[in-house]
S.K.: 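Have a look at this one before I ask anything.
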Amino acid sequence: LLSATALSAQNKTYFVSPSGNDAADGLSVAKAWKTIDKVNTVTFQPGDKILFEGGKSFPGQLILKGSGTEEAPIILSSFGDAGRPVINMGKDAGNAITLENAGGWEIIGMEITSGYSPEVGVGRSGIVVSATGDGIEYKHLVIKDNYIHDVWGQMGGTQGRNAAISVSVSGPR
């Protein structure tokens, strides 16, 4: 009985739409969340999916939390048939999508942009995956079919990296 209960808490599909409401549960298109800020408050579980509405733009920077597994990855992708969802990080320094000390993720079919010209001291990156420390499983990280453009950073920026996609692992393994 306990394992059936544990399994029911996994494999949730969350929807994000500009017409959504962050006070909703996010578990259907009709009850979609509205903002990246809401997504950033949730620690996702193995088998969960976070689906942004295709063809729509979402301002901000995603900071993904939680770890999936190779058998049950957490998937970040889109819903609908209107194209890719756009994560628009704007002019702020940072990363459009950050995944730190986690494994078991698939980031598929997203569009990432900033649209702002390079600025002295401002570092910007598209997708940044980093892992530091010991004892954390960093397996099954899939980044595919994403369109990253106009994310201009400048060396010496506040983030220390400027890239479309950056993957780094440091410390004991």
Side-chain angles (χ1 to χ4, degrees), residues 6-100 102-117 124-130 138-153 162-167:
L7 287 176
S8 69
Q10 299 175 358
N11 300 312
K12 292 182 179 178
T13 300
Y14 297 93
F15 296 88
V16 187
S17 169
S19 61
N21 179 343
D22 285 346
D25 65 16
L27 295 174
S28 69
V29 173
K31 295 182 179 180
W33 294 330
K34 183 174 185 153
T35 68
I36 284 176
D37 289 341
K38 176 61 178 181
V39 177
N40 289 346
T41 67
V42 177
T43 300
F44 296 98
Q45 303 299 313
D48 284 350
K49 293 179 182 148
I50 308 103
L51 305 179
F52 283 77
E53 186 173 359
K56 304 296 182 184
S57 185
F58 300 87
Q61 298 179 17
L62 269 171
I63 302 169
L64 302 172
K65 292 183 262 190
S67 285
T69 65
E70 194 168 354
E71 299 78 23
I74 302 169
I75 296 172
L76 174 67
S77 194
S78 66
F79 72 92
D81 57 5
R84 300 172 193 271
V86 178
I87 305 300
N88 188 335
M89 68 181 291
K91 69 183 242 174
D92 293 337
N95 312 315
I97 299 175
T98 300
L99 180 60
E100 188 173 346
W105 277 85
E106 296 183 6
I107 301 171
I108 303 167
M110 305 297 286
E111 182 174 344
I112 297 166
T113 190
S114 162
Y116 282 86
S117 298
R124 296 184 192 109
S125 293
I127 300 172
V128 173
V129 178
S130 63
Y138 307 120
K139 295 180 182 177
H140 195 83
L141 295 170
V142 176
I143 300 170
K144 69 179 183 179
D145 194 29
N146 295 285
Y147 176 44
I148 303 170
H149 62 95
D150 301 322
V151 179
W152 292 298
N162 298 280
I165 299 172
S166 172
V167 178

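This is a predicted model, so every value here is computed, not measured. Basis for what follows: all heavy atoms, side chains included, without hydrogens, waters or symmetry-related copies. In what follows, residues are counted from 1 in the order of the sequence shown.
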S.K.: Please lay out, stage by stage, how Gln61 and Asp92 fare under the test side-chain contact (heavy atoms from CB on, under 4.5 Å).
M.R.: CA-CA 9 Å; Gln61 298 179 17; Asp92 293 337; 3.8 Å; yes
S.K.: Applying side chain to side chain contact (heavy atoms under 4.5 Å, CB included), name anything that partners Ala72, two or more places apart in sequence or on another chain.
M.R.: Pro46, Thr69
S.K.: Closest heavy-atom contact between Ile107 and Asn146?
M.R.: O-ND2, 3.0 Å
S.K.: Identify the heavy atoms of Phe52 and Pro85 that sit nearest to each other, and give their distance.
M.R.: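 The answer is CB-CB, 3.5 Å.
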S.K.: Taking the six-membered ring for Trp, is the centroid-to-centroid distance between Tyr14 and Phe44 below 6.0 Å?
M.R.: yes
S.K.: Taking the side chain from Arg124 and the backbone from Ala96, do they hold a donor-acceptor pair closer than 3.5 Å?
M.R.: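 Here the side-chain-to-backbone pair does not exist.
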S.K.: Given side chains that start at C-beta, do those of Ile148 and Ile165 come closer than 4.5 Å, heavy atoms only?
M.R.: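 In short, these two side chains touch, coming nearer than 4.5 Å.
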S.K.: Working to the nearest 0.5 Å, report the span between CG of Leu99 and CG of Leu62.
M.R.: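 Those atoms lie 10.5 Å apart.
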S.K.: Could you list the residues that satisfy salt bridge (Lys or Arg N to Asp or Glu O under 4.0 Å) with Asp150, not counting sequence neighbours?
M.R.: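 If we apply the salt bridge (Lys or Arg N to Asp or Glu O under 4.0 Å) test to Asp150, skipping adjacent residues, there are no hits.
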S.K.: Name each donor-acceptor pair under 3.5 Å that joins a side chain in residues 108-115 to protein atoms two or more places apart or in another chain, with its distance.
M.R.:
from   : atom 1 : to     : atom 2 : distance (Å)
Glu111 : OE2    : His149 : NE2    : 2.7
Thr113 : OG1    : His149 : O      : 3.1
Ser114 : OG     : Gly90  : O      : 2.6
Ser114 : OG     : Tyr116 : N      : 3.4

S.K.: Please give me the minimum heavy-atom distance between Ala102 and Gly66, naming the atom from each residue.
M.R.: CB-O, 3.2 Å
S.K.: With a 4.5 Å heavy-atom cut-off, do Val142 and Trp105 have their side chains touching?
M.R.: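 Contact flag for Val142/Trp105 side chains = no.
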S.K.: Indicate the atoms forming the closest heavy-atom contact of Glu106 with Pro73, along with that distance.
M.R.: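 Between these two residues, the closest heavy atoms are OE2-CG, 3.5 Å.
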S.K.: Would you say the side chain of Met89 lies within less than 4.5 Å of the side chain of Val151, judging by non-hydrogen atoms?
M.R.: yes
S.K.: Measuring only between side-chain heavy atoms, which start at C-beta, is Val29 closer than 4.5 Å to Leu51?
M.R.: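 Counting from C-beta outward, Val29 and Leu51 never come under 4.5 Å.
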S.K.: Would you check if Leu27 and Lys12 make a side-chain contact, meaning some heavy-atom pair closer than 4.5 Å?
M.R.: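 Answer yes - side chains close enough.
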S.K.: With a 6.0 Å cut-off (strictly less than), is the heavy-atom count around NZ of Lys38, excluding the residue itself, greater than 12?
M.R.: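 Yes, enclosed.
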S.K.: Could you tell me which non-hydrogen atom of Ser57 sits nearest to which non-hydrogen atom of Pro18, and how far apart they are?
M.R.: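 It is O-CG, 4.3 Å.
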S.K.: So, do Phe15 and Glu53 sit near enough that their side-chain heavy atoms are less than 4.5 Å apart?
M.R.: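 Phe15 does not reach Glu53 side chain to side chain.
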S.K.: Are the side chains of Ile75 and Ile50 in contact, using a 4.5 Å heavy-atom criterion?
M.R.: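 No. Closest side-chain heavy atoms not under 4.5 Å.
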S.K.: List the steps and the verdict of side-chain contact (heavy atoms from CB on, under 4.5 Å) for Thr35 and Phe58.
M.R.: CA-CA 7 Å; Thr35 68; Phe58 300 87; over 6 Å; no
S.K.: Let me see the working for Asn40 and Leu64 under side-chain contact (heavy atoms from CB on, under 4.5 Å), right down to the final yes or no.
M.R.: CA-CA 6 Å; Asn40 289 346; Leu64 302 172; 5.7 Å; no
S.K.: Between Asp48 and Gln45, which heavy-atom pair has the shortest distance, and what is it?
M.R.: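 For Asp48 and Gln45, the tightest heavy-atom pair comes out as OD2-N, 2.8 Å.
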S.K.: For Glu71 and His140, does a side-chain donor sit closer than 3.5 Å to a side-chain acceptor?
M.R.: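 Their side chains do not contain a donor-acceptor pair, so the 3.5 Å distance test is not met.
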S.K.: Just by distance, do the side chain of Ser17 and the backbone of Ser19 share a donor-acceptor pair under 3.5 Å?
M.R.: yes
S.K.: I need the single residue from Ile97, Ile63, Ile87, Asn88 that forms a side chain to side chain contact (heavy atoms under 4.5 Å, CB included) with Ile36. Which is it?
M.R.: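 Considering Ile97, Ile63, Ile87, Asn88, a side chain to side chain contact (heavy atoms under 4.5 Å, CB included) with Ile36 is found only for Ile87.
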S.K.: Do other residues, nucleotides or ligands put more than 12 heavy atoms under 6.0 Å from the NZ atom of Lys56?
M.R.: no
